[in-house]
2 protein chains.
Amino acid sequence: MSGIRAKQKEKTRRLLIEAAMNQLSAEHGYASLSLREVAREAGIAPTSFYRHFQNMEELGLSLVDEGGLALRQLLRQSRLQIARGGSIIRSSVTTFMAFVANQTPLFRLLLQEKSGNSRAFRLAVQREVDHFTAELVDYLVAEQQYSRELAELQADAIVRIVFSAGADAIDADNPERERLTEHTIAQVRMVARGADATRQLGKTIK
Amino acid sequence: MSGIRAKQKEKTRRLLIEAAMNQLSAEHGYASLSLREVAREAGIAPTSFYRHFQNMEELGLSLVDEGGLALRQLLRQSRLQIARGGSIIRSSVTTFMAFVANQTPLFRLLLQEKSGNSRAFRLAVQREVDHFTAELVDYLVAEQQYSRELAELQADAIVRIVFSAGADAIDADNPERERLTEHTIAQVRMVARGADATRQLGKTIK
DNA sequence: ACATTGAGCGTACACGTGTTAGCTAAAATA
DNA sequence: TATTTTAGCTAACACGTGTACGCTCAATGT
């Protein structure tokens with residue numbers, strides 16, 4: 001059980017995933033991804049594909065996992081920056097935009113499949129986004145003493161804005177992306193102010 | 001020049017567009033839309049397709065136009081409801097959600113291609129969304145006396161939130177969609193409050 | 001040492017695709 | 001009325017696709 005066999009299998013599995021990611025970057029999206037081309041780029045015979053995935057859909061779900069994982073790791077990294085001082089909002093948005101810039105095809109896949117045609121895909125992506133939102137909610141409740149309900153409203157709004165801006169950032173060049181980032185930061189701050197105002201409103205009534 | 005010929009051509013052109021829309025609703029997205037299947041559903045020979053469109057892409061752009069137009073008309077209708085009393089926010093969001101529910105495949109196409117792979121498509125969709133945002137900005141400036149800058153920030157945030165919620169509404173059943181609608185209305189109001197707070201902030205400083 | 005497993009390969013098949021070329025017949029034009 | 005235009009057709013093409021089948025041969029298990 002030295003695993004030299006399993007190692008090799010995992011290796012070509014990665015080759016397949018990376019091949020698929022490369023092809024995504026090019027021109028066509030996941031929907032027009034071909035088993036044969038992926039296999040060709042991975043350097044294996046078309047039929048060998050089935051040793052690793054049952055479908056192209058299964059490959060796709062792996063890609064979504066991959067993307068979600070990468071994004072979460074990045075955001076965890078961003079939270080470390082917050083710990084040692086600096087604006088939470090600025091740091092998070094900046095990190096997010098950097099992810100979009102560096103992992104464009106992966107992020108595009110997430111966006112595409114978020115409103116794509118396969119329900120399985122949509123659920124998978126939504127799971128990733130929900131995970132992200134939940135962490136933000138926890139932060140708002142723990143650090144800013146928001147009620148769970150208001151925190152959820154706020155976090156959801158923020159995530160929607162940031163992801164949507166991220167989508168626009170895909171096409172943007174560097175200066176434009178910077179402008180977009182500042183724009184987004186201002187919007188998130190606006191939402192925060194709105195949430196605060198809403199909270200005060202509730203208190204006054206009571 | 002009675003136009004009986006042009007009439008017929010326009011008619012089968014519409015048949016093609018509607019066929020394409022039907023196929024979108026089914027299961028596969030625009031990317032996996034086939035000329036032959038579309039032609040078959042429209043009841044013409046595959047080769048006759050070229051009498052109406054040069055590419056599938058050209059058909060796709062027509063679909064985007066179609067969707068954008070439908071959405072804008074609906075929102076114009078919604079603004080009439082506002083004129084004869086009632087909350088602007090509630091009325092707009094409700095109308096929007098109704099559109100998503102009734103024209104699901106069309107709205108899905110818009111979302112898909114917004115973050116799709118063809119730049120031409122993305123630009124076309126973005127144009128529609130921008131149009132929508134611009135009208136909201138005008139409203140905020142004219143009716144609520146916001147500065148152009150703040151109005152743009154606010155309108156953009158609102159549009160992002162609403163479109164994103166619309167995407168989620170696609171999968172939702174009726175009660176869930178209603179919940180989502182209320183949720184979105186609350187978020188938009190929160191943003192409005194935030195914008196107002198931001199405006200007050202600016203006045204105080206000056 | 002021997003038997004079993006399994007990743008990867010080559011061949012082959014049936015099928016759907018986009019697109020070209022040339023025809024027909026009805027509408028438009030002169 | 002005679003001529004031109006053109007929407008739609010059929011036939012045919014070359015090609016890429018997903019997948020079934022059976023083989024090899026090195027890594028594993030006994």
Side-chain angles (χ1 to χ4, degrees), chain A residues 1-63 112-113 116-118 120-121, chain B residues 1-63 112-113 116-118 120-121:
Chain A
M1 206 260 287
S2 75
I4 142 164
R5 197 164 200 159
K7 277 252 162 80
Q8 178 57 30
K9 181 168 187 185
E10 185 56 30
K11 200 170 154 190
T12 68
R13 190 193 138 98
R14 286 227 63 80
L15 275 177
L16 280 169
I17 288 182
E18 275 159 31
M21 266 164 46
N22 280 356
Q23 313 228 198
L24 278 184
S25 65
E27 162 139 290
H28 305 97
Y30 170 80
S32 58
L33 209 58
S34 125
L35 183 152
R36 284 176 110 102
E37 278 194 28
V38 169
R40 197 176 306 136
E41 176 144 345
I44 66 169
T47 52
S48 303
F49 176 92
Y50 294 102
R51 301 287 183 193
H52 302 270
F53 303 97
Q54 207 153 13
N55 284 328
M56 279 302 285
E57 173 151 2
E58 200 176 305
L59 207 210
L61 289 174
S62 296
L63 285 182
Q112 260 174 216
E113 299 309 327
N117 313 92
S118 151
F121 269 41
Chain B
M1 206 260 288
S2 75
I4 140 164
R5 197 162 200 158
K7 277 252 162 78
Q8 179 57 30
K9 181 168 186 183
E10 185 57 29
K11 200 170 153 191
T12 68
R13 189 193 138 98
R14 284 228 62 79
L15 275 178
L16 280 170
I17 289 182
E18 276 160 31
M21 265 166 45
N22 279 357
Q23 315 228 197
L24 278 184
S25 66
E27 162 138 290
H28 305 98
Y30 169 80
S32 59
L33 210 57
S34 124
L35 183 152
R36 285 176 110 104
E37 277 194 29
V38 169
R40 197 176 307 138
E41 176 145 344
I44 67 169
T47 54
S48 303
F49 177 92
Y50 294 102
R51 301 286 184 197
H52 302 270
F53 304 96
Q54 207 152 12
N55 285 329
M56 280 301 287
E57 174 151 1
E58 201 176 304
L59 206 212
L61 289 174
S62 297
L63 286 182
Q112 259 174 215
E113 299 309 326
N117 313 94
S118 151
F121 269 42

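Below, chains carry the letters A, B, ... as their sequence lines are ordered, and counting in each starts from 1. Just so it is clear, the model here is predicted, and its values are computed rather than measured.
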A:Lys9, nearest nucleotide to its side chain (from C:dA7, C:dG8, C:dA12): C:dA7

What residues in residues 37-46 of chain B put a non-hydrogen atom under 4.0 Å from any atom of DNA chain C? B:Glu37, B:Arg40

Could you check whether any side-chain heavy atom of B:Gln8 comes within less than 4.5 Å of a side-chain heavy atom of B:Arg5, counting everything from C-beta outward? no

Acceptor/donor pairs from residues 52-63 of chain B side chains to any protein atom, 3.5 angstrom cut, sequence neighbours excluded:
| unit_1 | atom_1 | unit_2 | atom_2 | d |
| --- | --- | --- | --- | --- |
| B:His52 | NE2 | B:Thr12 | OG1 | 3.1 |
| B:Glu57 | OE2 | B:Ser118 | OG | 3.4 |
| B:Glu58 | OE1 | B:Gln54 | N | 3.4 |
| B:Ser62 | OG | B:Glu58 | O | 3.2 |

List in chain and number order the residues that pass side chain to side chain contact (heavy atoms under 4.5 Å, CB included) with A:Ser34, two or more places apart in sequence or in another chain; answer none if no residue qualifies. A:Arg36, A:Glu37

Students often get this wrong, so: under 4.0 angstrom with heavy atoms, is B:Thr12 touching a base, only sugar-phosphate, or nothing? sugar-phosphate

Hits for salt bridge (Lys or Arg N to Asp or Glu O under 4.0 Å) against A:Arg51, two or more places apart or cross-chain, chain-then-number order -> none

As a check of understanding: the bend across the helix from C:dA1-D:dT30 to C:dA30-D:dT1, end axes from five pairs, rounded to 10 degrees, works out to 20°

Working to the nearest 0.5 Å, report the span between NE2 of A:His28 and CG of A:Leu33. 10.5 Å

Measure all distances between protein nitrogen or oxygen atoms and nitrogen or oxygen atoms of nucleotides 2-5 of chain C, and list the pairs falling under 3.5 Å.
| unit_1 | atom_1 | unit_2 | atom_2 | d |
| --- | --- | --- | --- | --- |
| C:dT5 | O2 | A:Arg5 | NH1 | 3.3 |

Distance (rounded to the nearest 0.5 Å) between B:Leu15 CG and B:Lys11 NZ: 7.5 Å

Restricting to side chain to side chain donor-acceptor pair (under 3.5 Å), what partner residues turn up for B:Glu113, sequence neighbours left out? none

Length of the CG-C1' vector between A:Leu35 and C:dC15, whole Å: 16 Å

Show me, pair by pair, the donor-acceptor contacts under 3.5 angstrom made by side chains of residues 41-49 of chain A, not counting sequence neighbours?
| unit_1 | atom_1 | unit_2 | atom_2 | d |
| --- | --- | --- | --- | --- |
| A:Glu41 | OE2 | A:Asn22 | ND2 | 3.0 |

With sequence neighbours excluded, tell me which residues meet side chain to side chain donor-acceptor pair (under 3.5 Å) with B:Glu10. none

Please report, rounded to the nearest Å, how far the P atom of D:dG16 is from the CZ atom of B:Arg36. 16 Å

Find the distance B:Gln8:CD to C:dA25:P and express it as a whole number of Å. 18 Å

Starting at atom CD1 of B:Ile4, determine the distance to atom P of D:dA7, rounded to an integer number of angstrom. 13 Å

Counting distance alone, no hydrogens or angles: does the base of C:dT19 have a donor or acceptor under 3.5 Å from a partner atom on the side chain of B:Thr47? no

With sequence neighbours excluded, residues passing salt bridge (Lys or Arg N to Asp or Glu O under 4.0 Å) with A:Glu18: A:Arg14

Can you tell me the distance, in whole Å, between the NE2 atom of A:His28 and the C1' atom of C:dG18? 13 Å

What integer distance in Å separates B:Gln23:CD from C:dG16:C1'? 14 Å

To the nearest 0.5 Å, what is the distance between CG (B:Leu35) and CZ (B:Arg40)? 10.5 Å

In whole angstroms, the gap separating C1' of D:dA7 from CG of B:Leu16 amounts to 12 Å

Give me the residues of residues 48-61 of chain A where at least one heavy atom lies under 4.0 Å from an atom of DNA chain C, by number, or none. A:Ser48, A:Arg51, A:His52

Does a side-chain N or O from A:Ser34 land closer than 4.0 Å to OP1 or OP2 of D:dT17, or not? yes

